[in-house]
Amino acid sequence: PAAGSAQPSARFHHRAAAMSADRAYVFGGYSRHDEELGDMWMLRCESAATGTASWELVASTSEHTPTARTAATLSAASLSESARPLELFLFGGHDDESCLNEVWLFDTRTAA
């Protein structure tokens, strides 16, 4: 990514899923100050030849969103006839208090 452009904070125990050759998503994890994160970022690779890429903070259009967590699973899938994955499934993880067994579906077309 270009210097000075938006990008996720440094993190660990986050989860990532590749949607295609040019798009990947990152969710949650711990910050370097051991704060649990609940943000989602999309990495878009604009040109493989030049290595040009950019990050975008994904703002959900849904009023219901997953809480901050670490160590969840994040998987790309397609629930439609499309051969290209369009949805992300987030399962489980850990928050400050307990292990989680929730399943969240995120539609990348509608950000919901």
Side-chain angles (χ1 to χ4, degrees):
S5 64
Q7 60 186 11
S9 60
R11 61 190 64 211
F12 63 101
H13 290 295
H14 58 282
R15 294 302 178 240
M19 298 294 286
S20 63
D22 66 344
R23 256 184 330 145
Y25 287 81
V26 172
F27 178 84
Y30 279 117
S31 73
R32 66 175 61 161
H33 305 291
D34 287 334
E35 174 189 8
E36 288 181 338
L37 303 169
D39 54 350
M40 184 180 292
W41 288 83
M42 177 180 64
L43 177 64
R44 184 181 309 273
C45 299
E46 286 122 17
S47 171
T50 63
T52 306
S54 62
W55 285 102
E56 178 182 329
L57 179 61
V58 178
S60 176
T61 59
S62 175
E63 64 184 74
H64 303 289
T65 58
T67 57
R69 64 190 64 207
T70 63
T73 58
L74 186 65
S75 301
S78 181
L79 298 177
S80 67
E81 298 296 319
S82 171
R84 182 177 183 168
L86 300 170
E87 290 87 21
L88 291 167
F89 286 91
L90 178 73
F91 174 73
H94 190 273
D95 64 14
D96 276 337
E97 299 175 12
S98 62
C99 291
L100 305 168
N101 68 348
E102 308 166 325
V103 176
W104 291 88
L105 172 66
F106 180 78
D107 188 324
T108 61
R109 295 165 293 184
T110 63

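Keep in mind that the numbers below use all heavy atoms, side chains included, and drop hydrogens, waters and symmetry copies. Along the sequence shown, the residues carry numbers beginning at 1.
- Here M42 contributes atom CE and W55 contributes atom CH2; the two are 10.0 Å apart, rounded to the nearest 0.5 Å.
- Between T67 and L100, the shortest heavy-atom contact is OG1-CD1, 4.4 Å.
- A side-chain hydrogen bond (donor to acceptor under 3.5 Å, both in side chains) with S54 is found for exactly one of R44, Q7, E46, namely E46.
- Annotation: side chain of L86 is not in contact with side chain of L79 (no heavy-atom distance under 4.5 Å).
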Exercise for review: Any chance you could lay out the side-chain contact (heavy atoms from CB on, under 4.5 Å) test for W41 and H14, step after step, and finish with the verdict?
Suggested key: CA-CA 11 Å; W41 288 83; H14 58 282; over 6 Å; no

Check your understanding: side-chain contact (heavy atoms from CB on, under 4.5 Å) between F106 and T108: does it pass, once the steps are laid out?
Key -> CA-CA 6 Å; F106 180 78; T108 61; 4.1 Å; yes

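- Although no hydrogens or angles enter the test, the distance criterion places a donor-acceptor pair under 3.5 Å between the side chain of R15 and the main chain of A72.
- For the pair R69 (side chain) and G92 (backbone), a donor-acceptor distance under 3.5 Å is present.
- Judged as a side chain to side chain contact (heavy atoms under 4.5 Å, CB included), and not counting sequence neighbours, the contacts of H64 are S62, W104.
- With sequence neighbours excluded, the residues that form a side chain to side chain contact (heavy atoms under 4.5 Å, CB included) with D22 are S20, R84.
- The minimum heavy-atom distance between E87 and R109, with the atom names listed, is OE2-NH2, 2.8 Å.
- A pairwise comparison of heavy atoms in E36 and H94 identifies OE2-O, 3.4 Å as the closest pair.
- A111 approaches A59 most closely through the heavy-atom pair CB-O, 3.8 Å.
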Point to revise | Step-by-step side-chain contact (heavy atoms from CB on, under 4.5 Å) determination, L90 to E102 | key: CA-CA 8 Å; L90 178 73; E102 308 166 325; over 6 Å; no

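- Legend: residues meeting side chain to side chain contact (heavy atoms under 4.5 Å, CB included) with S31, ordered by chain and number and at least two apart, are H33, E35, L37.
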Practice item. Go through the steps for V26 and L43 under the test side-chain contact (heavy atoms from CB on, under 4.5 Å), then give the verdict. Key: CA-CA 8 Å; V26 172; L43 177 64; over 6 Å; no

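- Residue F91 comes nearest to N101 through the heavy atom pair CE1-O, 3.5 Å, listed as atom of the first residue, atom of the second, then distance.
- Taking each heavy atom of A112 and S60 in turn, the nearest pair found is CA-OG, 4.3 Å.
- In this structure, the separation between CG on L74 and CZ on F27 is 8.5 Å, given to the nearest 0.5 Å.
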